[in-house]
Visitor: 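Encoded as structure tokens, here's the structure I'll be asking about.
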Amino acid sequence: MEQGSIPMEQGSIPSSKVLSVKPLRTLRPLFVSSAQAPPLFTSSPSGPFPPGFTPFYPFCSNAQSPQPDQMDGVTGHAGSSRKRPPGKLRKVAKKSVGSRNAGVSFTVNHGNAFVRNFIVRCNPFSKEDGNREMVEYVLMTFDAVRRRLSQVEEAKEAPNGSIKRPDLKAGNVLMSAGVRTNMRKRTGVPPGVEVGDIFFFRFEMLLVGLHGQSMGGIDTLITRRGKVEESLAVSIVSSGYYDDDTEDKDVLIYSGQGGNPISKDKQASDQKLEKGNLALERSLHQANEVRVIRGMKDPSNTSVKIYVYDGLYTIKESWLEKGKSGCSVFKYKLVRLPGQPSAFADWISIQKWKAGLSSPVGLLSQDLSAGAEKITVSLVNDVDARGPPSYFTYSTVLRYSKSFNLTNSSFGCNCHKACQPGDLNCSCIRSNGGDFPYATNGVLVNQKPVVHECSPTCPCFPNCKNRVSQTGLKLKMEVYKTTDKGWALRSWDPIRAGSFICEFAGEVVDSPMGMQGTGQEDDYIFDTSRILDKSNKWNYEPTLLNEEIPDESAENDNIPSPLVISAKNVGNVARFMNHSCNPNVFWQLVQYEHNRESFLHVVFFAKKHIPPLTELTYDYGMSQFETRSKRKCLCGSEKCRGYFG
DNA sequence: GCTCAGTCAGTCTT
DNA sequence: CAAGACTGACTGAG
């Protein structure tokens, strides 16, 4: 498959082989009407808008969204090919029941957006039976609260003592606030959860109704057969705590529960045919569908465990055998039902690719970056016979033609180790409003106008946790060809929400205006002044944690000037990221110094947990002006605006 | 730098 | 209500 690295220098291959690739980006240069206009302005379609902007929102086109169903699966990867379960969306009923009951359940009289949002979404109906939107909402809310609790704990500012387990605390907060879904237990798929979805905490699976135990590996459902009540197994988690056999992608040999010594001074014991084990035995005879969740190590951080929903299995056999401790252990053989999208199987394939035991179909180049990145970037085309993308120079950094003067430069901290969360003597932390912007594992806590990172000029250690975006690519990326959207970007590694993905590298240009009319249309423009739809809030909700709503107006006054970047001739993997109206990635401005001058960077972070081989997309936003170049959006999401650009 | 085993506080369901 | 289910972040040895 490997055909050597793709040419990075012009002239090394015949020009006939440099294909004119279909534009990935359909951004068009735009005029900034007012120098005073805040560049980071975001707004709902109803405004308000700042002076100098004329917003254009083609939201009305939802009903005639040009997204054909047959687009599902065309790219042949997990992200776009997953099938929505045959849902009982019951939209009409949901609306009427929800609006009638919501006010009864929640008589909170807060006028804030979260409470309104919360009442609409977390109505009794959507708590019992979910959908994709509800599942994503619950997961985003959980992680935002968890990140905030983690941030507060690390700064040792926790108001009610220490929070050793922010995941459990966040789970507790959401449970008591009723932010959960699919509470009605069921066999089969909880609506809104998709095969291949990944989870970083047991609580996440509990909150979306995938697995209803905060610790237990076997979840059961009590059923009635005539007068007899009995429990069936509905989902299991294979976590590595017992000796399960997880070698086969379609078969799982699962151990029953119990018998493991809880502490060092306790003895192992024989497992008993009771509780979960009994339920599994009944499910063997009932042959009901059992959800299987496979826990495994995060390949890019082995101290982190990830749970992968691998779809429905049925139990084919059970037996009793002697475990390593010499005690009896129940074993259950589960076989995956055919016709489901691949999930765990992808993880096995990726392992083999990484180990060099096999290659993905259509591999054109081992490293698109030609050594520029610390980790290789694969180039794959398994949809047609064409070659690599058109020529560009791979650069990992943003190139400024002139310095970018920022009025609020602070020129670094004086910390001499790693900067410590909660240390208000650190000027970099003070620049971030006192909150350390990143929590454990380097996840961004909140979106904000600008994140201030420590710089190479700061005396703190290079491993200071406030340099997340400067450490280079950490994820194994793949640039791959789609059938309808040109080239696209995805990761072989799973990505946790809030994780750093990459910077938008390229050349800073004065204004996209220069390109107009020259016939040199630039489809690789990134412009911070484009309007984003922020209806899906990513940040944590202060009212859930009884916190005051912070006043960010002061911070907004210091928003830097618009930043326009072209990645047409120079760029990194970010130039291959496509637009989506329901994206899994967002961008964030990050500022740090170099040679005593401050520079802005556009940095991408994961909005949700992203399974391997899922296309990475972000919202390109809307030009403030009506332009001729608005393009049909091919994102395929339910809330697709129809057009973008 | 990396992996592994050990430690321990922690929360839901039955 | 107590028992039982096992996690996740961290620490220190190898």
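Here is how names work: the chains are called A, B, and so on, in the same order as the sequence lines, proteins then strands, and each is numbered from 1. Small disclaimer: the values here were computed from a predicted structure and weren't measured.
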Visitor: Is there a side-chain contact between A:S378 and A:P360 (heavy atoms, below 4.5 Å)?
Guide: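 Contact flag for A:S378/A:P360 side chains = no.
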Visitor: Rounded to the Å, how far apart are A:I293 CD1 and C:dT7 C1'?
Guide: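 In whole Å, C:dT7 C1' lies 15 Å from A:I293 CD1.
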Visitor: When you measure from the centre of the six-membered ring of A:W538, is the NZ or CZ of A:R147 under 6.0 Å away and within 45° of the axis?
Guide: yes
Visitor: For A:K275 and for A:F201, find the nucleotide of DNA chain C with the closest heavy atom, then tell me which residue's nucleotide is more 5'.
Guide: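 The residue whose closest nucleotide sits nearer the 5' end is A:K275.
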Visitor: Which residue, A:G258 or A:R202, contacts DNA chain C at a nucleotide closer to its 5' end, judged by nearest heavy atom?
Guide: A:G258
Visitor: Whole Å only: how far is the CD atom of A:E204 from the C1' atom of C:dC6?
Guide: 17 Å
Visitor: Would you kindly give the CG-to-C1' distance between A:L149 and C:dG8, to the nearest whole Å?
Guide: 15 Å
Visitor: Scan nucleotides 9-14 of chain B nucleotide by nucleotide, 5' to 3', and note B when protein non-hydrogen atoms come under 4.0 Å of the base, S if they reach only the sugar-phosphate, - if neither.
Guide: BBBSSS
Visitor: Using the 3.5 Å cut-off, write out each protein N or O paired with an N or O of nucleotides 11-14 of chain C and the distance between them.
Guide:
none

Visitor: Can A:N441 and A:Y438 be counted as having a side-chain donor-acceptor contact under 3.5 angstrom?
Guide: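 Their side chains do not contain a donor-acceptor pair, so the 3.5 Å distance test is not met.
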Visitor: Measure the acute angle between the ring planes of A:F605 and A:F500, then classify it against the limits of 30° and 60° as parallel, tilted or perpendicular.
Guide: perpendicular
Visitor: Examine C:dA5: is either OP1 or OP2 under 4.0 Å from a nitrogen or oxygen in the side chain of A:Y241? Give yes or no.
Guide: no
Visitor: Does a side-chain N or O from A:S239 land closer than 4.0 Å to OP1 or OP2 of C:dC6, or not?
Guide: no
Visitor: Run the ring-centre check on A:F199 versus A:H609 and record whether the distance is less than 6.0 Å.
Guide: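 Here the rings of A:H609 and A:F199 have centres that are no less than 6.0 Å from each other.
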Visitor: If you count the non-hydrogen atoms of other residues, nucleotides and ligands that lie under 6.0 Å from NZ in A:K476, is the total more than 12?
Guide: yes
Visitor: Should the heavy atoms of other residues, nucleotides or ligands under 6.0 Å from NZ of A:K331 be counted, would the total exceed 12?
Guide: yes
Visitor: Parallel under 30°, tilted from 30 to 60°, perpendicular over 60°: which one fits the rings of A:H601 and A:Y592?
Guide: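 Taking A:Y592 first and then A:H601, their aromatic rings lie parallel (interplane angle under 30°).
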